[in-house]
There are 2 protein chains.
Amino acid sequence: MAAKLTDPDTPAGRGGAAAVLPAARRGAGAKSLDRRRVLGAAVVLIDEQGLRQLTMRNLGAYLGVDAMALYRYVPGRENLLDGIVESVIDELYGDPDVHMSAESENWQEYLRRLAHGVRRIALAHPQVFPLVATRPPAAPWVRPPLRSLRWMESFLDTLLRHGFSDVGAVASYRAFSSFLLGHLLLEVSALGVDTGPVEEVDPDQPRTRDLSSYPHLQRLEPALSEDHAAVEFDESLENLLTRLAEYASA
Amino acid sequence: MAAKLTDPDTPAGRGGAAAVLPAARRGAGAKSLDRRRVLGAAVVLIDEQGLRQLTMRNLGAYLGVDAMALYRYVPGRENLLDGIVESVIDELYGDPDVHMSAESENWQEYLRRLAHGVRRIALAHPQVFPLVATRPPAAPWVRPPLRSLRWMESFLDTLLRHGFSDVGAVASYRAFSSFLLGHLLLEVSALGVDTGPVEEVDPDQPRTRDLSSYPHLQRLEPALSEDHAAVEFDESLENLLTRLAEYASA
DNA sequence: ACCTGAACACCGTTCAAGT
DNA sequence: ACCTGAACACCGTTCAAGT
C-alpha cells in the first residue's frame, strides 16, 4: 500500500515483476512475457529502428505476440514510454563504476563517476535519450536526466555528508542536471537521431548547403564539424565541480 | 538557384512568402492562406492546446479549412514541424533588445542579450521549446537551440571581431549552446509541459508521493520546489562568460 | 490465465473531383 | 488556382471471444 501508482523507485518497479509473479518465467522460459521483458524489448526496438517505429503493433510483433496482448503488462503507450525511460536510467544501478563510488572518497569523485555513468547510458541509447530528456517528470522538482528519487537521495546524501549546506546541495543538483542535460542531449543529437523514416536523399541535389552568404561558417565548417565531445564534457564537468566547491565550505 | 531545398535562413524563408506570392493577401484579406499564416496558426495551436493536439486535421479546422488544403503550403507533417521551429526562432530577429546588440559594445553584452532573447522565446512558447531542442538540425554542426545559420554567423563574427581565435569562437558556440539548452529545457519542463490529454487525476489517491524512504528528499522538498530559474540562469551565464574570456586573449 | 479478432475512433497522405 | 471527399494504410485502445 505504501507504493502507490507505479512508483519507479519502488522495489517492484526495478525488475521485481518476477517476484510478484514468480510463476511467469517457468516452463516455456524466455517465451512468456512480463513487464520487464516488454520494456527491454521496447528499448532494443528503439535502439535498432528509432523511436518512431515503436508502436504497440510493432512491439507486439517484435515479441511474437498480438499487440493487444501488451496491455496486460503495460496500461498504455504513455505508461510504456515512462517505463522505458525508467528502465534505461535503471542501468545506472548495475554500473559498478558508479555504484562503488556512492559512499567512498570525495564528493568530486562521486559526481565524476555519476556523470560518466549517465553519459555512457546516453551514448548506449542515443535514440532513447531524447525521451529521457523531455518526458514530463514524476514531480516538478525531479529534473532530467537524473530522474530517479533514489539517485536524487544518493546525490543529496553524498553532498550533505561532505559538508554541503541544504541550499548548496539543492543548487548543486540543479546545476548538475543542467550540465548533464545540455551536454548529453547535444552530443546525442549530433549523432543524427531519429531523422524519420529513411530520409530519402535526392542524389541530384548537392549534398552540402550553400554557405556563400556566411563566410565565417564556410571557413570554420571543418572546425565546427570536429568532435571534441569527450574532452568538452570533462572540462565543463571540472569547471562545474570548481563552482560547486563553494557550497562545500559554506 | 542558390537557395536549395527549404533553407531556413534564406530571405524567402523568413516570412518572405508574401513577396513571392504578393497576390495571396489581396481580396478576402486574412481569409486566404499562405505558409507563414499556417505556421503561425500552428504555433498558437501548440501554445494553447499542447503539441499532441497539433494534427493536420486539427490545424485545418483551426484555420477554417479542410486538412488536406494545408498540403498546398506544407509538404507534410515533418516539414510543418521544422517550419514551426524555424518560425519560433525567427522571433529573435524581431527582438530589438537582441538586434541592437549585434555590432555594439563588448562581446559579453552581445551574448547576454542573445541568451535572454532565446530565454524569452522559450518562456513564451514552452510547449514548442522541446521541439526546438530535439528536432534533428539541418547540419550536424548546427546546435539547438540557436539553430539558425544566420545567428551562427552573427555569433562567430562578433566573437572574432573581439579578438577570439577561430577555435575559441567555435568552442564558445558549443559551450553557449550547451548552457542554453540545458537551462531552458529544464526551466520549460518544470512548467509541466505536454503531460498529455487532460491527465485526469483520481482525487481519492493522495496527491503527494510517498517519500518516507527518502529522508533528504522529504526534508528538502520545499527547497527543491523553489523557483530560482532566473537568478540561476544569470549566474550560470556570468560564469560561462568568465570561462569564455580565456579565448578572447588567446 | 493469457492471448486473439473484430471493431472504433482517430492519424497522415494521395488523388481524383469539384468550383 | 485553390479547396474538398473519398479512400488507403496506418495508429492506440476496448471488449467480447477464444483456448
Side-chain angles (χ1 to χ4, degrees), chain A residues 17-18 20-39 41-42 45-46 49-84 131 194-200, chain B residues 17-18 20-39 41-42 45-46 49-84 131 194-200:
Chain A
V20 175
L21 301 169
R25 305 203 108 234
R26 57 93 231 257
K31 262 308 185 42
S32 61
L33 293 181
D34 58 37
R35 183 178 161 94
R36 209 180 75 264
R37 263 176 55 77
V38 170
L39 294 179
L45 196 151
I46 295 175
Q49 307 183 26
L51 195 50
R52 343 224 348 200
Q53 298 305 314
L54 180 79
T55 68
M56 300 301 279
R57 284 163 154 100
N58 279 349
L59 183 55
Y62 194 86
L63 285 162
V65 106
D66 205 290
M68 297 68 179
L70 300 174
Y71 285 83
R72 198 149 291 270
Y73 309 100
V74 160
R77 185 164 204 267
E78 292 301 300
N79 181 281
L80 172 65
L81 294 177
D82 287 336
I84 288 166
L131 223 48
D194 196 32
T195 172
V198 211
E199 183 77 18
E200 216 45 65
Chain B
V20 176
L21 301 169
R25 305 202 109 233
R26 67 102 230 228
K31 262 305 185 43
S32 62
L33 293 181
D34 58 36
R35 179 171 226 261
R36 211 181 69 266
R37 262 176 56 77
V38 170
L39 295 178
L45 196 152
I46 296 175
Q49 307 183 25
L51 195 50
R52 344 223 350 195
Q53 298 306 313
L54 180 80
T55 70
M56 299 301 278
R57 283 163 154 99
N58 279 349
L59 182 56
Y62 193 86
L63 285 162
V65 108
D66 205 289
M68 297 69 179
L70 300 174
Y71 284 83
R72 199 149 290 269
Y73 309 100
V74 160
R77 183 164 206 268
E78 292 301 300
N79 181 280
L80 172 65
L81 294 176
D82 287 338
I84 289 166
L131 223 48
D194 198 31
T195 172
V198 213
E199 184 75 18
E200 216 45 65

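Note on naming: letters A, B, ... go to the chains in the order of the sequence lines (proteins, then strands), and numbering restarts at 1 for each one.
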Provide, to the nearest angstrom, the distance between the CG atom belonging to B:Asp66 and the P atom belonging to C:dG18. 16 Å
Can you confirm whether B:Leu70 sits close enough to B:Leu80 that some side-chain heavy atom of one is under 4.5 Å from a side-chain heavy atom of the other? no
Does A:Tyr73 have a side-chain nitrogen or oxygen under 4.0 Å from the phosphate oxygens OP1 or OP2 of C:dC3? yes
A:Ala42 and A:Ile84 have their tightest heavy-atom pair at CB-CD1, 3.6 Å
With 3.5 Å as the limit, what N/O pairs link the protein to nucleotides 9-12 of chain D?
residue: D:dG12; atom: OP1; partner: A:Met56; partner atom: N; Å: 3.1
residue: D:dG12; atom: OP1; partner: A:Arg77; partner atom: NE; Å: 3.2
residue: D:dG12; atom: OP2; partner: A:Met56; partner atom: N; Å: 3.0
residue: D:dG12; atom: N7; partner: A:Arg57; partner atom: NH1; Å: 2.3
residue: D:dG12; atom: O6; partner: A:Arg57; partner atom: NH2; Å: 3.2

To the nearest 0.5 Å, what is the distance between CG (A:Leu54) and CG (A:Leu45)? 6.0 Å
May I ask you to test the A:Asn79-A:Arg35 pair for a side-chain heavy-atom distance under 4.5 Å? yes
Report all side-chain donor-acceptor pairs from residues 56-68 of chain A shorter than 3.5 Å, counting only partners two or more places apart or in another chain.
residue: A:Asn58; atom: ND2; partner: A:Gln53; partner atom: O; Å: 2.8
residue: A:Tyr62; atom: OH; partner: A:Glu48; partner atom: OE1; Å: 3.3
residue: A:Asp66; atom: OD1; partner: A:Met68; partner atom: N; Å: 3.4

A:Leu70 CG to D:dT14 C1', straight-line distance once rounded to whole Å: 15 Å
Rounded to whole angstroms, how far apart are CZ on A:Arg72 and C1' on D:dT13? 14 Å
Can you list the stems that DNA chain D is part of, where a stem is at least 3 pairs in a row, each Watson-Crick or G-U, with both distances below 3.5 Å? C:4-8 with D:12-16, C:12-16 with D:4-8
